[in-house]
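Following: one structure in structure tokens, then a few remarks.
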4 protein chains.
Amino acid sequence: MERIVAAGRGVLVEHGYDAFSTNRVATAAGISPGSLYQYFPDKAAILDVVIDRYWEEVAERVAAALSERIADFGPGMVRDTADALLSALEADRELLRVVAEELPIHRSRERRAALERRVRELAATYLAARRESTRRPDPATAAWVVVLAVENLAMRWVLDQPAAVTRDALLDEMVALVGGYLLA
Amino acid sequence: MERIVAAGRGVLVEHGYDAFSTNRVATAAGISPGSLYQYFPDKAAILDVVIDRYWEEVAERVAAALSERIADFGPGMVRDTADALLSALEADRELLRVVAEELPIHRSRERRAALERRVRELAATYLAARRESTRRPDPATAAWVVVLAVENLAMRWVLDQPAAVTRDALLDEMVALVGGYLLA
Amino acid sequence: MERIVAAGRGVLVEHGYDAFSTNRVATAAGISPGSLYQYFPDKAAILDVVIDRYWEEVAERVAAALSERIADFGPGMVRDTADALLSALEADRELLRVVAEELPIHRSRERRAALERRVRELAATYLAARRESTRRPDPATAAWVVVLAVENLAMRWVLDQPAAVTRDALLDEMVALVGGYLLA
Amino acid sequence: MERIVAAGRGVLVEHGYDAFSTNRVATAAGISPGSLYQYFPDKAAILDVVIDRYWEEVAERVAAALSERIADFGPGMVRDTADALLSALEADRELLRVVAEELPIHRSRERRAALERRVRELAATYLAARRESTRRPDPATAAWVVVLAVENLAMRWVLDQPAAVTRDALLDEMVALVGGYLLA
DNA sequence: TATGAATGAGAATTCATTCAT
DNA sequence: TATGAATGAATTCTCATTCAT
């Protein structure tokens with residue numbers, strides 16, 4: 001079963017989503033196609049586990065970084081969280097490419113939404129607790145804006161690797177973006 | 001050929017990407033499947049044109065709004081541009097949903113990148129010309145950040161329709177985000 | 001399409017129901033498996049047509065014989081109708097074997113029920129018109145009994161070919177059975 | 001092994017022939033699929049035993065009734081035997097439905113033939129002994145006719161439950177059919 | 001230019017059977 | 001004796017593409 005998931009991830013990374021057929025996954029796992037169905041009800045279930053695992057891992061890393069820094073608001077926290085997100089996304093850029101660009105998004109939707117919600121709630125709670133340190137009226141909305149903006153910037157940077165923007169510069173810009181916004 | 005593209009768009013909107021088969025598109029266009037290949041080398045080409053047209057239209061609208069306001073920098077310009085983008089995305093929410101969530105993203109990639117580049121360059125030029133009015137060191141990077149953030153926020157808002165964020169509130173937040181960032 | 005039905009009939013007769021696979025039928029028809037689906041929605045539809053045709057043919061023959069003789073009730077009519085039924089069943093004993101014994105009955109059910117109903121109604125009408133010539137109280141019931149008994153006897157005789165019963169003897173017994181019953 | 005046969009009968013009745021897979025039977029029997037093959041050479045063997053048992057039981061009941069009445073020929077004997085057959089078939093209508101309509105008949109063939117033979121021989125013997133009480137020339141043929149007709153009528157009545165024919169009426173008709181035939 | 005029947009490789013899935021433990 | 005994971009051939013059905021008319 002672990003072998004199957006690993007094989008699925010492998011097929012996705014090596015051959016792309018279009019080649020993600022049960023036969024290919026089975027072959028890659030070194031088992032027969034029939035055996036797949038002893039562990040998974042159908043093809044989609046395999047894909048789901050692969051995707052779930054991926055976002056789960058990313059979420060774990062980011063949540064860890066965020067929790068650690070929850071005490072001291074400010075540029076440091078934003079930077080570290082963004083850094084953690086970047087690292088998590090950089091860890092398996094190939095899989096990110098497939099998951100984020102090759103798969104129909106609705107496959108990742110739920111998992112990604114969960115990741116966003118998790119971080120957003122943390123952020124909203126924090127912002128609500130420090131109302132005085134931001135000029136944004138609604139913490140929930142502010143959290144929604146910040147999380148979406150940072151997430152997308154991070155993903156596009158990892159995926160597109162824009163030559164003009166170094167990793168450090170990106171982090172600087174993110175800090176400026178979030179800082180400026182919350183204090184605007 | 002116009003009929004084919006229209007039929008393709010129709011199939012996409014009515015039946016979704018999974019039903020986007022050459023036979024169905026041909027039927028919807030009122031021609032035979034063989035005739036498709038007189039105008040398009042393969043299925044992907046039809047899809048590409050449909051997608052291209054979509055983003056082209058969005059780009060047109062946004063660029064128009066941006067050009068109009070290029071003279072007076074400031075909250076007004078950001079707001080109006082974002083407003084134009086929102087309107088453009090709202091115009092065909094169903095197609096947006098299919099294009100942005102159902103299709104593998106890499107199909108839209110190039111066209112969307114073109115749209116972003118276009119707006120980004122406009123923005124970068126503008127920022128470069130008004131170096132004194134921003135604290136961000138690199139206009140190109142700043143434009144990249146601003147465009148990506150606003151685009152993603154707009155798309156997610158149109159797609160997810162978060163109950164807690166009204167259209168006006170969204171525009172306010174965008175203005176705050178961009179304003180705060182550029183002046184941070 | 002005619003070729004497909006013929007091929008289906010052929011496969012059924014030559015190889016039996018278990019071998020009635022879409023690929024085999026396609027091969028037997030000298031076409032590719034995909035072409036099957038241009039004419040039939042699924043495998044069952046092909047089988048249905050083969051079965052329908054078979055019972056239709058049998059029904060036609062029997063109804064013809066029955067109509068011809070409807071004027072003169074009596075041993076002659078029964079004998080001729082039974083004869084026609086026997087001939088119809090003997091015409092393609094191999095297919096009868098498959099249709100009646102190899103296929104799950106519920107596949108033939110409707111068609112066979114139609115055949116029975118057709119003959120039964122003819123018989124019931126006739127019996128009702130000649131109430132005085134039978135001692136059975138209910139024409140509908142009598143028709144049900146007669147038709148089922150004769151049909152089954154005929155089918156089993158054709159299928160089992162009991163050595164002890166010649167064709168003529170069978171017809172004699174049928175006449176005696178029906179005659180004795182209606183006058184009992 | 002008893003458990004397997006019982007489970008097989010259960011699967012047949014609850015889920016139908018299509019669901020009669022080795023895995024399901026094994027599960028229903030509370031054993032593993034592999035263990036099936038310790039008691040039966042293959043899937044067909046299990047089915048055979050289930051079917052055999054069924055017809056065996058029916059045969060037992062009918063033979064018992066027939067033996068009991070063998071002394072006094074006449075309407076009473078026919079009626080009681082037919083009654084016994086009806087009761088036997090009514091006892092497990094669900095299984096009858098599966099065995100007679102869902103299964104390919106040739107699976108039941110041998111066992112059913114045995115049942116028929118058994119009753120037929122009893123009847124033939126009896127008829128031979130009372131030559132004077134029938135006008136039919138050949139006892140064997142007469143027995144064949146009578147047994148097939150009554151059996152089929154009974155089965156169809158139980159299976160189709162024709163509203164117009166009550167149980168008692170059916171028995172009356174059978175008596176009339178057999179009586180009229182033998183004396184015709 | 002247009003047709004549309006024909007193609008055929010390839011997809012997901014099932015299930016009777018085996019065999020190492 | 002019992003297990004149950006593993007097998008893998010076989011099944012039904014789809015669909016992008018072709019090509020003779």
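Labels below follow one simple rule: chain letters A, B, ... track the order of the sequence lines, proteins then strands, and each chain is numbered from 1. In what follows, every heavy atom counts, from backbone to side chain, and hydrogens, waters and symmetry copies are set aside.
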- Message: Set out, in order, the CA-CA distance, both residues' side-chain angles and the distance that settles salt bridge (Lys or Arg N to Asp or Glu O under 4.0 Å) for A/Arg109 and A/Glu116, then state yes or no.
- Response: CA-CA 10 Å; A/Arg109 207 187 218 299; A/Glu116 285 167 10; over 6 Å; no
Rounded to the Å, how far apart are [X] [atom1] and [N] [atom2]?
X       : N      : atom1 : atom2 : value
C/Asn23 : E/dA11 : CG    : P     : 15 Å
B/Asp18 : F/dA16 : CG    : C1'   : 16 Å
A/Tyr17 : E/dA11 : OH    : C1'   : 12 Å
C/Phe20 : F/dA10 : CZ    : P     : 19 Å

- Task: Look at all strands and tell whether B/Thr22 reaches a base, only sugar-phosphate, or nothing, counting heavy atoms closer than 4.0 Å.
- Result: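 Base contact - B/Thr22 has a heavy atom under 4.0 Å of at least one base atom.
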Is there side-chain contact between [X] and [Y], with heavy atoms separated by less than 4.5 Å?
X        : Y        : value
C/Arg112 : C/Glu151 : yes
C/Arg156 : C/Asp160 : yes
A/Arg111 : A/Ser108 : no

- Item | Nearest atoms (heavy-atom pairs only) where D/Leu12 meets D/Tyr17 |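 Shortest heavy-atom separation between D/Leu12 and D/Tyr17 comes out as CD1-CA, 3.9 Å.
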- Nearest heavy-atom neighbours spanning C/Asp18 and C/Glu102: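 Nearest heavy atoms, C/Asp18 then C/Glu102: N-OE2, 4.4 Å.
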- Stepwise side chain to side chain contact (heavy atoms under 4.5 Å, CB included) check, B/Glu14 with B/Arg9: CA-CA 9 Å; B/Glu14 309 278 319; B/Arg9 180 190 269 248; over 6 Å; no
- Kindly state which residues belonging to residues 30-54 of chain D come within less than 4.0 angstrom of DNA chain E, counting heavy atoms of the residue only, listed by number.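 Per residue number, the list reads D/Gly34, D/Tyr37, D/Asp42, D/Lys43.
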- Ranges pairing with ranges for DNA chain E, where each run has three or more Watson-Crick or G-U pairs under 3.5 Å: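 Stems for DNA chain E, defined as runs of 3 or more consecutive pairs: E:2-21 with F:2-21.
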- Message: What I want to find out is whether C/Glu56 reaches C/Arg61 closely enough, with some N-O distance under 4.0 Å, to be called a salt bridge.
- Response: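 Answer for the salt bridge query: no.
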